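Atoms within each ligand, like the ligands themselves, are counted from 1 in listed order. Below, all heavy atoms of this structure are taken into account, side chains as well, without hydrogens, waters or symmetry copies. These numbers come from a predicted model, not from an experiment.
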Amino acid sequence: MSKPEDFKVIVIGGGPVGLTAAQILTKAAIDFAVVERRESVHPDEGAGIAIGPTTYRLLDQLNLLPQFDEIATPINTKNVMTRDGQLYNSYEFHMREYHGRPIAFAHRHDILRTLYITLPAEAQARIKTSKRVTSITTTADGVTVTCDDGSIETGSIVIGADGVHSKTHSMMAAMTGQEAPVFPSEFQGLFGNGPREKLPVETAPSDNWEAHSPGLSSQVFTGYSQEDVKQFVEEIKDLHVTSKLTIGDVFPHVNKAGLTLLQEGVVKSRSHERIVLVGDAASKITPNLGLGYNSGVLDMIVLVNHLRSTLLAKSTEERGEIREEDIANVFKAYEDDRRELTTKVTAAAQGVVRNHTWLSWFRKVFDRHLTPAMGLETWYGKSIMGPQLGKQQVLDWVEEKNLVEGKIPWTYRPSQVDLGEVDVKA
Ligand SMILES: Cc1cc2nc3c(=O)[nH]c(=O)nc-3n(C[C@H](O)[C@H](O)[C@H](O)COP(=O)(O)OP(=O)(O)OC[C@H]3O[C@@H](n4cnc5c(N)ncnc54)[C@H](O)[C@@H]3O)c2cc1C
């Protein structure tokens with residue numbers, strides 16, 4: 001049992017979803033700590049991430065729209081080719097038309113950095129780096145998280161936002177006497193990023209190109225401008241990186257690329273006792289649909305909506321305490337709300353990657369001929385994915401100052417007035 005005002009969340013993992021958790025918990029005035037194993041909160045690594053309309057609604061609530069407008073490039077068109085570059089499908093994204101917001105592409109590093117630097121200093125101080133979590137113990141009163149440097153964090157609940165190889169998930173499994181679960185991976189993904197201007201043939205900004213072929217598909221977003229980067233490098237080109245090399249010497253030769261397995265799957269249960277999973281730790285969606293981060297953002301919105309309303313309700317009771325059954329109810333409500341969409345989206349992404357890689361003759365005919373001939377991509381966005389997105393939650397106590405809507409209305413419009421800075425400790 002703990003008093004609502006003493007409630008503290010330990011977030012394991014300071015990736016995109018962990019830092020989004022930090023933003024939302026700050027907005028909700030719920031105490032938290034984030035423990036991240038890497039040395040930096042925003043390492044310059046990883047692939048680009050597409051931000052969709054449901055995430056834009058949260059960014060509006062967090063007053064982060066201007067900052068994300070600076071780092072994200074809206075994507076307008078998708079062009080689909082064969083392996084040897086023959087174009088066979090080209091269509092507009094209709095996100096603005098259907099949902100009032102675009103789909104826009106940003107670097108993981110820029111997203112992490114923006115989420116971090118826009119936090120108030122006292123919230124930044126709660127994000128602790130170079131701490132790999134090695135164990136979690138739960139009791140009737142709370143949780144203790146131990147890190148590899150011997151430090152410990154104590155709190156009321158743990159949110160596992162530690163990605164597809166989630167230590168939190170494997171420890172949850174161990175607590176229930178199960179094997180550490182592993183999401184299967186049938187595909188691997190090569191990713192990288194670089195300056196559009198360096199490409200030997202000119203490409204328009206704000207395009208999305210894909211090649212589909214037997215066993216192989218590619219995906220590129222051409223929204224990346226290097227002008228600011230170049231200008232900054234020019235300003236600091238004399239800075240040494242070794243005794244004999246400067247940034248100006250090194251930068252033209254920098255390449256960022258990586259190879260990763262593309263796991264797929266949804267965990268059977270997202271919670272156990274005082275531990276709950278979000279983001280890639282809970283559902284791993286192949287990147288073809290560009291929904292992994294957006295799904296993790298929805299996880300956090302729903303989880304904190306339930307958690308905050310429970311804390312507030314308890315804080316109005318005389319001698320109100322947060323009991324284990326209250327936490328179990330919060331986690332159950334969160335799982336119930338998230339089950340349908342994550343299951344559908346993960347399955348849809350599994351189908352899409354197999355269509356793009358023409359894994360059977362039917363999938364090839366479907367992708368190569370039926371999809372462009374019948375405009376199935378546009379139909380899917382409008383009739384299947386669109387209504388699902390339209391049903392998703394936003395923070396239910398914060399005003400959306402710049403709420404926009406497209407042809408598919410938002411069904412969830414909890415508050416037009418900012419109830420926002422209500423402190424559960426007050
Ligand atoms: C090639 C590619 C393209 C993608 N494109 C898109 C896209 O367009 N749109 C989209 O929405 N999604 C996309 N995704 C998916 C997106 O990147 C992920 O869904 C998102 O990063 C998940 O965030 P997360 O914070 O849950 O997990 P992660 O990004 O995996 O972050 C987990 C964090 O936890 C930390 N951590 C792990 N273990 C521990 C531990 N024991 N102790 C402490 N810290 C720990 C890690 O260091 C990391 O910082 C793409 C993914 C790939 C691979």
Subset of ligand 1 atoms that lie under 4.0 Å from at least one heavy atom of Val17: 23 (O), 24 (P), 25 (O), 26 (O)
Under 3.5 Å: N/O of Ala281 near N/O of ligand 1: no
For Gly292, atoms of ligand 1 separated by under 4.0 Å from a heavy atom: 10 (C), 11 (O), 12 (N), 19 (O)
Mode of Leu291 contact toward ligand 1 - side chain, backbone, both, neither (heavy atoms, under 4.0 Å): backbone
Intermediate values then yes/no, salt bridge (Lys or Arg N to Asp or Glu O under 4.0 Å), Glu153 and Lys128: CA-CA 10 Å; Glu153 294 286 337; Lys128 300 166 187 185; 2.8 Å; yes
Charged N-O contact under 4.0 Å between Glu377 and Lys78: no
Min N/O separation Lys284 to ligand 1 under 3.5 Å: no
Ligand 1 contact on Val35 by region, counting heavy-atom pairs under 4.0 Å: backbone
Contacts of type salt bridge (charged side-chain N to carboxylate O under 4.0 Å, His left out), residue Arg338, not counting sequence neighbours: Asp299
Side-chain touch Glu36/Lys131, heavy atoms, less than 4.5 angstrom: no
Min side-chain heavy-atom separation Asp280-Val17 under 4.5 Å: no
Close-contact set for ligand 1 against Lys167 heavy atoms, below 4.0 Å: 41 (N)
Atom indices of ligand 1 within 4.0 angstrom of Lys131 heavy atoms, with elements: 42 (N), 43 (C)
Among Pro43, Ser135, Ala50, Gly48, closest by any non-hydrogen atom to atom 5 (N) of ligand 1: Gly48
pair Ile285-Glu264: side-chain heavy atoms closer than 4.5 Å: no
Arg132: numbered ligand 1 atoms lying under 4.0 Å from its heavy atoms: 41 (N), 42 (N)
Test item, His165 contacting ligand 1 (heavy atom, 4.0 angstrom): no
Closest candidate by heavy atom, reference atom 4 (C) of ligand 1, pool Ala21, Gly18, Gly279, Pro287: Pro287
Whether Tyr116 and His42 hold their rings parallel, tilted or perpendicular, with breakpoints at 30° and 60°: tilted
Given Tyr56, Phe93, Trp410, the one that forms ring pair (Phe, Tyr, Trp, His ring centres under 6.0 Å) with His99: Trp410
Met374, CE: over 12 other non-hydrogen atoms inside 6.0 angstrom: no
Sub-4.0 Å heavy-atom contact, Gly296 with ligand 1: no
Set of side chain to side chain contact (heavy atoms under 4.5 Å, CB included) partners for Val164, sequence neighbours left out: Phe183, Gln263, Lys284
Side chain, backbone, both or neither: the part of Glu36 lying under 4.0 Å from ligand 1 by heavy atom: both
Numbered atoms and elements of ligand 1 in range of Arg38, under 4.0 angstrom, heavy atoms: 47 (O), 49 (O)
